[in-house]
Amino acid sequence: MSIDECLDRLADFAPTSFPVISLYPNTQPDQRGRADFDSFIRKEIGTRRRTYPARSPERESFEHDAERINKYLDLELRPSSNGVALFACWGAGRFFEDVQLEAPIQKHRLHVFDQPHLYNLARPNDRYKRYAVLVVSAIWQMF
């Protein structure tokens with residue numbers, strides 16, 4: 001599925017009373033050959049988690065989403081991906097969407113709102129458009 005199709009589908013997501021997590025980690029390896037997004041995610045998820053009352057439906061949804069995101073990053077992220085966009089809202093029908101990108105995400109981002117935050121997904125798509133190049137070699141002989 002193309003990023004444009006994914007953007008269209010995500011844009012159709014109806015606002016909900018549950019938190020929708022939109023996570024954009026830069027998954028490029030650092031100088032030691034490792035991705036360094038784990039500490040960012042731990043810190044930001046922990047900070048946002050505390051904004052929901054304990055044992056509330058919103059907190060329960062957020063907890064499920066955080067667990068699903070961590071499992072995804074541990075088990076499903078391809079080493080060749082330079083960025084990934086993850087969208088999760090367990091409370092809204094266990095919604096989860098992922099887009100692995102060849103183009104890098106410049107800076108880690110986490111948004112929590114009532115629907116997916118799409119700007120960071122649309123931006124690399126605009127900056128790194130695919131192009132096709134056709135090279136034709138013709139030899140003309142004149143008689």
Side-chain angles (χ1 to χ4, degrees), residues 1-140:
M1 170 185 320
S2 75
I3 291 178
D4 289 331
E5 292 170 332
C6 185
L7 281 166
D8 289 342
R9 191 172 62 257
L10 290 166
D12 288 338
F13 185 93
T16 179
S17 61
F18 292 100
V20 178
I21 296 175
S22 302
L23 175 64
Y24 297 92
N26 177 333
T27 59
Q28 289 179 296
D30 61 12
Q31 299 88 332
R32 297 180 311 262
R34 294 188 213 145
D36 67 349
F37 54 82
D38 289 337
S39 61
F40 168 82
I41 293 172
R42 252 190 330 275
K43 178 184 172 210
E44 291 299 316
I45 292 285
T47 300
R48 306 293 175 90
R49 175 184 288 126
R50 291 187 291 275
T51 65
Y52 300 100
R55 294 181 295 281
S56 68
E58 294 82 7
R59 175 82 169 254
E60 182 180 332
S61 178
F62 193 90
E63 294 287 352
H64 282 283
D65 293 337
E67 184 178 329
R68 175 66 176 100
I69 286 168
N70 284 324
K71 282 183 183 177
Y72 178 90
L73 292 171
D74 287 343
L75 303 174
E76 298 178 48
L77 182 64
R78 291 188 309 263
S80 61
S81 294
N82 290 314
V84 64
L86 300 173
F87 306 93
C89 184
W90 188 85
R94 298 183 180 172
F95 172 75
F96 187 85
E97 190 79 39
D98 69 298
V99 181
Q100 294 193 37
L101 304 166
E102 292 176 18
I105 299 288
Q106 296 302 316
K107 184 177 177 183
H108 305 310
R109 302 265 188 219
L110 175 71
H111 304 275
V112 180
F113 196 55
D114 64 354
Q115 60 190 111
H117 182 84
L118 303 179
Y119 175 77
N120 297 97
L121 180 58
R123 186 170 183 208
N125 193 39
D126 287 342
R127 291 180 71 192
Y128 298 97
K129 295 230 182 255
R130 291 186 178 198
Y131 295 94
V133 175
L134 177 63
V135 177
V136 178
S137 177
I139 299 174
W140 293 90

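The chain is numbered in sequence order, starting from 1.
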With the side chain counted from C-beta on, respond yes when [X] and [Y] share a heavy-atom pair under 4.5 Å apart, and no when they do not.
| X | Y | answer |
| --- | --- | --- |
| Phe40 | Asn26 | no |
| Leu110 | Ile41 | no |
| Val99 | Tyr24 | no |
| Arg9 | Cys6 | yes |
| Thr51 | Val112 | no |
| Arg48 | Ile21 | no |

Smallest separation among heavy atoms of [X] and [Y], with atom names:
| X | Y | answer |
| --- | --- | --- |
| Ser22 | Pro116 | OG-CA, 3.5 Å |
| Gln115 | Pro15 | OE1-CG, 3.4 Å |
| Ala88 | Ile69 | CB-CD1, 4.3 Å |

[X] [atom1] to [Y] [atom2] distance, which is reported to the nearest 0.5 Å:
| X | Y | atom1 | atom2 | result |
| --- | --- | --- | --- | --- |
| Asp114 | Cys89 | CG | SG | 9.5 Å |
| Gln100 | Ser81 | CD | OG | 3.5 Å |
| Asn82 | Gln106 | CG | CD | 10.0 Å |
| Leu101 | Leu121 | CG | CG | 6.5 Å |
| Glu97 | Leu86 | CD | CG | 10.0 Å |
| Glu60 | Phe18 | CD | CZ | 8.5 Å |

Check for a donor-acceptor pair, side chain of Thr47 on one end and backbone N or O of Lys43 on the other, with a separation under 3.5 Å.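 Yes, because the side chain of Thr47 sits within donor-acceptor range (under 3.5 Å) of the backbone of Lys43.
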Check: Phe13 ring centroid to Phe87 ring centroid under 6.0 Å: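 Centroid distance Phe13-Phe87: not below 6.0 Å, so no.
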Do the rings of Tyr52 and Phe62 sit parallel, tilted or perpendicular, given the 30° and 60° boundaries?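 Rings of Tyr52 and Phe62: tilted, 30 to 60°.
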Taking Phe37 as the fixed residue, which of Val84, Ile105, Leu77 is the one that meets the side-chain contact (heavy atoms from CB on, under 4.5 Å) rule? Leu77
Just checking Arg94: does its CZ atom have more than 12 heavy atoms from other residues, nucleotides or ligands closer to it than 6.0 angstrom? no
The complete set of salt bridge (Lys or Arg N to Asp or Glu O under 4.0 Å) pairs with one or both residues in residues 61-70, sequence neighbours excluded, reads Arg49-Glu63, Arg59-Glu63, Glu67-Lys71, Arg68-Glu76
Considering only residues two or more places apart or on different chains, which pairs with a residue in residues 19-39 satisfy salt bridge (Lys or Arg N to Asp or Glu O under 4.0 Å)?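 Checked against salt bridge (Lys or Arg N to Asp or Glu O under 4.0 Å) - neighbours excluded - the pairs reaching residues 19-39 are Asp30-Arg32.
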